[in-house]
*Asks:* 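To start, I am sharing the structure in question, which I have written as structure tokens.
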2 protein chains.
Amino acid sequence: MSTIPNRNQPAATRKPREERWSEILTVATELFYQKGYEGTSLQEIAERLGIMKGSLYYYIRSKEDILFVVLNEAHKAGLERMTSAAQVEGTALDRLRAMIIAHIRSIADNVISTAVFLNEMKSLPQESQDKILGGAVNYPKMFEQVLREGMEEGTIRQDLDPKLTATIVLGSLNSTHRWLHPERHGNLRKVQDHFTRILISGLASDGN
Amino acid sequence: MSTIPNRNQPAATRKPREERWSEILTVATELFYQKGYEGTSLQEIAERLGIMKGSLYYYIRSKEDILFVVLNEAHKAGLERMTSAAQVEGTALDRLRAMIIAHIRSIADNVISTAVFLNEMKSLPQESQDKILGGAVNYPKMFEQVLREGMEEGTIRQDLDPKLTATIVLGSLNSTHRWLHPERHGNLRKVQDHFTRILISGLASDGN
DNA sequence: ATTGATACCCACCGTCCGTTTGGTAGATAA
DNA sequence: TTATCTACCAAACGGACGGTGGGTATCAAT
């Protein structure tokens, strides 16, 4: 009955729960970004953390748990930024401009988690997707709202369908995650500038 | 030595090479669309075709072969359409408009293969990606080219960087694959209309 | 000094994966 | 009639997968 521990592996550095948990999320997000959710194994995640894959189940109940939390936090973080940007003073056109600039900055600051969010949302069961997206506010509605207001007050042209236009604008901004590089800081202003110049003059009611 | 065929399974309907091969590509494309490349098994592909998964190796050398052909043909088909659209007569602005309309139509007609192309390109080794994208012409360059010409002739505003603007325009158009539904035919015109209205008036030199 | 919770190890499970191999019925051609 | 080709079957391969469960070293609190 002698217990033979067979310690040929150095034990992992023991860490408090919160710290290790956020490490798991960070590492998983990076791997999901590089290889996709299905292409990433728990083995790989564990290896990068220096622990055994079985130890992950001290923190999770299934692989899907990790994806859910990653996507949920990415969505929450982005939506928070956008919400505060939508509250600047001025015309609806001013607010739209602020939202565009804020969203690009938000994506640039979180290219990886944004990409994972946009690419891997479909890997979750519908029920979990609804839980993430089903809050009181959401991206498309916010854009649709500000477009409607701008049309009423006359700063935004009225020959466009607000809902479709919101989809187009949001999609355009989101597509930047494919090529936006946050390390190139000077570039960010330029990108924001181009987007506002193109979209604002494309959406404003007159030649401004 | 008696050969016991053990025919408890109905044999698959035997089909000529070309026909079966295009069936494989069609089925694989649909499955890659629904579950991603990594999430799709050869077993599933075979099941939909009514053959054994081992039989697939009469047509391929590896699973990756299927993805390569699917992506390559999707890319070729789209580029062909765009190329012919870029040759309409008129100003560069007219050509840009034609390219926008053509590309949206091209995506709408091939939502599935377009989505697979944009989502699963990264699942291929870099070498294979280069082989697909490395032709004489490519999407971003075509847009950059027409933008430059429009700036020279004065129909397109000159305070924009052609390369960055091309990236933005192309990304905007490509993002439609996430929500464009080809079955709704009346919708297509509306989408094309919105895109041209927004982008053209955002890019043109004057208030047109 | 003892205890109880915490953070992790490690061997193992059943399943599914892409891939390989040997074989064969049916059409074609000589 | 015989030989060859074509399109597929059937079974097995090793390995990787997500997941389980008993065990244990380390820690803070007593």
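Chain letters run A, B, ... following the sequence lines, proteins first and then strands; every chain starts at 1.
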*Asks:* Are there over 12 heavy-atom neighbours, none belonging to B/Glu89, within less than 6.0 Å of that residue's CD?
*Replies:*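 12 or below, so no.
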*Asks:* How would you label the contact of A/Lys15 with the nucleic acid (heavy atoms, under 4.0 Å): base, sugar-phosphate, or nothing?
*Replies:*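 Contact class for A/Lys15: sugar-phosphate only.
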*Asks:* Need to verify one output field. Residue with the more 5' nearest nucleotide on DNA chain C, B/Glu64 or B/Arg14?
*Replies:*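 It is B/Glu64, whose closest nucleotide lies nearer the 5' terminus.
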*Asks:* Holding to side chain to side chain donor-acceptor pair (under 3.5 Å), I want the full list of residues that pass it with A/Glu23, two or more places apart in sequence or in another chain.
*Replies:*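 A/Glu23 satisfies side chain to side chain donor-acceptor pair (under 3.5 Å) with A/Lys15, A/Arg20 only.
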*Asks:* Only one of B/Arg197, B/Lys190, B/Arg189 passes salt bridge (charged side-chain N to carboxylate O under 4.0 Å, His left out) with B/Asp193; say which it is.
*Replies:* B/Arg197
*Asks:* Hey, is the side chain of B/Ser55 poking within less than 4.0 Å of OP1 or OP2 on D/dA7, counting only N and O atoms?
*Replies:*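 Looking at the OP1 and OP2 atoms of D/dA7, neither is under 4.0 Å from any side-chain N or O of B/Ser55.
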*Asks:* Should B/Ser41 be listed as having a side-chain N or O under 4.0 Å from OP1 or OP2 of C/dC16?
*Replies:* no
*Asks:* Using the side chain to side chain donor-acceptor pair (under 3.5 Å) criterion, which residues pair with B/Glu149? Sequence neighbours excluded.
*Replies:*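 Partners of B/Glu149 by the side chain to side chain donor-acceptor pair (under 3.5 Å) criterion, ordered by chain and then number, come out as B/Arg95, B/Gln145.
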*Asks:* Looking only at side-chain N and O atoms, does B/Arg20 come under 4.0 Å of OP1 or OP2 in D/dT6?
*Replies:*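 Answer no for this pair, as no side-chain N or O of B/Arg20 is under 4.0 Å from OP1 or OP2.
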*Asks:* Is the shortest side-chain N/O distance from B/Tyr59 to OP1 or OP2 of D/dC8 below 4.0 Å?
*Replies:* yes
*Asks:* To the side chain of B/Met52, which of C/dG18, C/dC8, D/dA10 is closest?
*Replies:*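 Minimum distance to the B/Met52 side chain belongs to D/dA10.
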*Asks:* Whether the side chain of A/Lys63 and the base of D/dG19 hold a donor-acceptor pair under 3.5 Å is what I'd like checked.
*Replies:*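 Answer is no: no donor-acceptor pair is held.
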